[in-house]
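What you see is a predicted model, and the numbers here were worked out from it, not measured in a lab. Counting convention: from 1, in listed order, for ligands and their atoms alike.
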Amino acid sequence: MVINQTSKIPVALTVAGSDSGGGAGIQADLRTFAFHCVHGTSALSCVTAQNTLGVTRVDALSAEAVAAQIEAVVGDIGVDAVKTGMLLNREIMAVVASQVESWNLGNLVVDPVMVSRSGDRLIDDGAIAFLQDILIPLAAVVTPNRFEAQILSGLEIDSVNDMRSAAEKIHSLGAKAVLVKGGGMKGDLRGIDVWFDGTRLDVLKTENVNTTNTHGTGCTLSAAIAANLALGKDLFTAVTSAKNYVTTALKYALDIGEGQGPVGHFFPLLEKTI
Ligand SMILES: Nc1ncnc2c1ncn2[C@@H]1O[C@H](COP(=O)(O)OP(=O)(O)OP(=O)(O)O)[C@@H](O)[C@H]1O
Ligand SMILES: Cc1ncc(COP(=O)(O)O)c(N)n1
């Protein structure tokens with residue numbers, strides 16, 4: 001990609017939580033935007049005290065503070081794509097939905113974050129129904145992992161066929177397009193995602209990367225989809241390119257901390273120096 005001084009720099013917005021360990025959330029999203037040559041902006045929903053072992057504390061921002069951040073960014077800079085991650089509660093989700101509607105924000109990627117890799121709950125119980133009924137129907141694409149897809153579809157997911165059924169069910173709930181992610185499956189299925197947009201039902205397969213350092217894969221994938229949309233790619237191409245970015249980032253995952261380390265977003269720099 002060539003960017004010169006007259007090119008309009010694409011802008012993406014992430015509405016998500018902070019991960020103090022730098023592996024997921026806002027930190028992963030902004031790095032992902034940067035490595036796609038997209039200017040990253042953010043609206044913070046909450047602050048987590050978190051590392052590779054888990055989440056020890058969560059402090060929510062007020063819904064008004066989240067709305068003010070979105071207004072500040074969209075009202076001045078403008079955005080070409082938006083992703084949502086950890087929104088935590090119903091009040092925050094409600095202002096995000098109303099901001100998306102009032103600014104008429106298209107290119108919305110909803111990552112329905114519910115539980116962390118380490119098993120910590122990242123959403124209030126009462127917020128799941130709101131996510132499902134109000135936010136997901138506004139999205140261009142929703143990207144549940146295995147666990148989230150089970151909750152949203154009400155189906156057990158143990159096979160690719162189950163992932164297909166869940167994608168169809170979640171689509172029928174009002175999502176325009178669905179990507180059921182396979183990172184939480186067993187063995188080779190970890191590299192498999194299932195796409196459904198109402199007509200096209202596709203299995204997207206990359207190699208299974210043999211690592212336990214997978215913290216932030218879902219955040220990185222949804223941020224990369226938003227970055228690709230901001231760059232003007234069509235939705236399906238945005239998703240497949242994003243999946244390839246995550247696969248390579250997994251190969252360069254960082255072995256830091258005592259638990260599950262994060263994916264290596266900056267592999268393009270490393271490859272240049274090798
Ligand atoms: N070991 C792996 N090998 C190859 N691809 C993987 C592996 N683990 C996850 N992925 C891919 O990473 C992407 C994110 O999927 P995953 O199911 O891990 O999301 P998630 O659980 O939401 O992630 P997060 O850990 O950020 O919550 C998907 O495209 C999935 O196929
Ligand atoms: C702030 C924040 N957002 C999202 C996740 C999910 O990511 P993961 O499942 O890799 O822990 C997280 N752990 N923390």
Give the atoms of ligand 1, by number and element, whose distance to some non-hydrogen atom of Glu207 is under 4.0 Å.
-> 3 (N), 4 (C)

Side chain, backbone, both or neither: Ser18 near ligand 2, heavy atoms under 4.0 Å = backbone

Assess Cys219 for proximity to ligand 2: is some non-hydrogen atom of it under 4.0 Å away?
-> yes

Whether Lys243 lies under 4.0 Å from ligand 1, heavy atom | yes

Heteroatom proximity flag, Gln50 to ligand 2, N/O under 3.5 Å = yes

Within the structure, does Thr247 bring an N/O atom to less than 3.5 angstrom of an N/O atom in ligand 1?
-> no

Just jot down the ligand 2 atoms closer than 4.0 angstrom to any heavy atom of Met86, in number order.
-> 1 (C), 2 (C), 3 (N)

Within the structure, does Asp193 bring an N/O atom to less than 3.5 angstrom of an N/O atom in ligand 1?
-> yes

Could you tell me whether Tyr252 and Phe266 have their ring centroids closer than 6.0 angstrom?
-> no

Using a strict 4.0 Å cut-off to heavy atoms of Thr214, name the atoms of ligand 1 that fall inside it.
-> 25 (O)

Short N/O distance, under 3.5 Å, between Val209 and ligand 1?
-> yes

Below 3.5 angstrom, do we get any N/O pair linking Gly183 and ligand 1?
-> yes

Purely on distance, is any nitrogen or oxygen of Lys181 under 3.5 Å from one on ligand 1?
-> yes

Near Cys219, which atoms of ligand 1 are under 4.0 Å from a heavy atom of that residue?
-> 26 (O)

Nitrogen or oxygen atoms of Gly216 and ligand 2 under 3.5 Å apart | yes

Six-ring centre of Phe236, Arg200 cation under 6.0 angstrom, axis tolerance 45° | yes

For atom CG of Asn161, decide whether the heavy atoms of other residues, nucleotides or ligands shown that lie under 6.0 angstrom number more than 12.
-> yes

Going by the 4.0 angstrom heavy-atom rule, the piece of Leu250 near ligand 1 is side chain

Evaluate whether atom CG of Asp133 has more than 12 neighbouring non-hydrogen atoms of other residues, nucleotides or ligands under 6.0 angstrom away.
-> yes

Is it true that Ala24 lies under 4.0 Å from ligand 1, counting heavy atoms only?
-> no

Going by the order shown, which atoms of ligand 2 are within less than 4.0 Å of some heavy atom of Leu122?
-> 5 (C), 6 (C), 12 (C), 13 (N)

Do Lys169 and Leu155 have side-chain heavy atoms sitting under 4.5 Å apart?
-> yes

By number and element, which atoms of ligand 2 are closer than 4.0 Å to a non-hydrogen atom of Gly17?
-> 1 (C)

Report yes if Thr214 has an N/O atom closer than 3.5 Å to an N/O atom of ligand 2; otherwise report no.
-> no

Residue portion contacting ligand 1 (non-hydrogen atoms closer than 4.0 Å) for Val246 | side chain

Compute the shortest N/O to N/O distance between Asn145 and ligand 1 and return yes if it is under 3.5 Å, no if not.
-> yes

May I ask you to identify, for Asn145, whether its side chain, its backbone, both or neither come under 4.0 Å of ligand 2 on a heavy-atom basis?
-> neither

Tell me whether the centres of the aromatic rings in Phe196 and His171 are closer together than 6.0 Å.
-> yes

If you measure every N/O of Arg146 against every N/O of ligand 1, is any gap under 3.5 Å?
-> no

Would you check whether Asn208 reaches within less than 4.0 Å of ligand 1, judged by its heavy atoms?
-> yes

